[in-house]
Amino acid sequence: MRINTLLPVALAAATAQAQQTAWGQCGGTGWTGAKTCISGYTCTFSNPYYSQCLPGAPGTTTSKVATSTKATSTLSTLKTSTSTKASTTSGGSTSSPTGLGWKWLGVDESGAEFGNTAIPGVWGKDFTFPADASLSTLMGQGFNIFRVPFLMERMAVGSLTASLDPAYLANYTATINYITGKGGWAIVDPHNFGRYNGNIITDTAGFQTFWANLASTFKSNSKAIFDTNNEYHDMDQTLVLNLNQAAINGIRGVGATSQYIFAEGNSYSGAWTWETVNDNLKALTDPSNLLVYEMHQYLDSDGSGTNATCVSSTIGVDRITSATAWLQTNNKVGIIGEFAGGANSVCLSAVTGMLSYMKANSNVWSGALWWGGGPWWGTYIFGFEPPSSTGYNYYDSTLITYKP
Ligand SMILES: *[C@@H]1O[C@H](CO)[C@@H](O)[C@H](O)[C@H]1NC(C)=O
Ligand SMILES: *[C@@H]1O[C@H](CO)[C@@H](O)[C@H](O)[C@H]1NC(C)=O
């Protein structure tokens with residue numbers, strides 16, 4: 001989802017109206033519902049599209065209501081993005097595992113990346129971790145892969161090359177180990193959009209060190225998967241290539257050689273623009289030959305994943321057709337690391353059409369993950385937390401028919 005971290009913004013005057021309940025949405029682009037929370041909860045900025053009533057008294061100064069400025073500019077950038085097509089001539093020599101087949105079906109599991117304007121923030125107030133019970137329920141149904149976002153600023157506090165924060169890492173590792181201990185696959189996802197402290201990461205050596213530090217923690221866990229970064233966007237295209245390669249080098253360099261690595265692309269890693277924007281990423285090399293290209297795809301009009309209305313019942317297939325051709329042409333393997341649609345029949349058709357098409361092309365598509373689960377989504381349109389959130393209610397019985 002088009003989460004952007006970054007700037008706490010001065011609070012707009014909150015007008016008194018009905019108060020939102022615990023965990024409910026209380027702000028975000030286009031939000032017209034209650035903007036204040038019941039007693040004991042505070043409306044907390046999560047991203048430009050979503051603020052939420054989280055436990056705790058109001059913060060002293062850090063009210064967190066996003067302006068829509070950032071979102072608008074990134075969305076319009078996306079829509080008009082033409083991209084510089086890097087002229088890579090060596091594509092094809094390396095390095096994706098071919099023939100994985102339809103291997104994975106799963107869910108993104110939010111929590112540790114929440115409260116991104118509060119660094120490091122307070123556990124239980126600004127951020128949390130996925131609930132083991134929910135993971136267990138989903139695994140029992142056949143979901144076998146979970147992507148677990150976290151914030152680099154909380155993991156490596158102060159700088160990219162800082163040693164990892166023991167407490168945050170311990171809690172995060174507990175979630176990863178819970179998943180893999182039960183036989184699932186867990187995607188380690190720095191949910192940072194190619195940014196650190198709000199600035200585009202240009203220090204590829206520092207980024208390599210960050211990944212070396214992180215990967216060494218998981219190097220004996222072959223069911224951990226390393227996702228280089230969530231949704232690079234509005235970045236130099238060669239920089240995106242170099243950051244991905246630095247991550248791969250950092251991971252393999254510390255002896256984490258048995259794990260899959262998921263590389264993401266520019267323009268929010270969108271499948272619909274992948275072929276034109278991210279063609280240069282075919283030059284990535286992985287000595288372990290376990291590289292998978294992770295793309296995201298939403299089905300609303302601007303592809304941002306912020307509207308429950310899907311463009312058409314075939315928009316899922318339409319939006320991943322060119323990426324499918326790119327994977328086939330370049331002998332690569334891909335996964336859809338985020339997708340979702342609203343709880344309505346048009347989106348249901350679009351989602352099932354896309355998943356069926358992916359399974360039919362499982363020589364290049366290895367799986368898909370719904371965005372998203374996690375204990376704090378409240379009334380979010382795509383919420384996938386058992387037993388009763390919106391997306392889970394509407395889609396669970398359908399999605400599990402696509403389990404590997
Ligand atoms: C880790 O989780 C424990 C609860 O299990 C909590 O008390 C602690 O504050 C958490 N710390 C961080 C940094 O997440
Ligand atoms: C969602 O998209 C529909 C159709 O394009 C539009 O009518 C509606 O206003 C949008 N809702 C929001 C909150 O943007």
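Predicted model, so just to flag it, every value in this text is computed and none were measured. Counting starts at 1 for both ligands and their atoms, in listed order. Excluded from the calculations below are hydrogen atoms, water molecules and symmetry mates; all remaining heavy atoms, backbone and side chain alike, are included.
With sequence neighbours left out, Y196 forms a ring pair (Phe, Tyr, Trp, His ring centres under 6.0 Å) with no residue at all. Residues passing the ring pair (Phe, Tyr, Trp, His ring centres under 6.0 Å) test with F146, sequence neighbours excluded: none.
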Next item on the list: Dump the intermediate steps for side chain to side chain donor-acceptor pair (under 3.5 Å) on N361 and T324, then the final yes or no.
Entry: CA-CA 8 Å; N361 288 281; T324 305; 5.5 Å; no

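The SG atoms of C43 and C26 lie less than 2.5 Å from each other.
Protein residues with any heavy atom under 4.0 Å from ligand 1: W123, F127, F129, A167, Y168, N171.
Judged purely by distance below 3.5 Å, without hydrogens or angles, the side chains of S288 and Y260 never pair a donor atom with an acceptor atom.
Residue N307 places at least one N or O, backbone or side chain, under 3.5 Å from an N or O of ligand 2.
Note on residues 383-394: pairs passing side chain to side chain donor-acceptor pair (under 3.5 Å), not counting sequence neighbours, are S134-E385, Q141-Y392.
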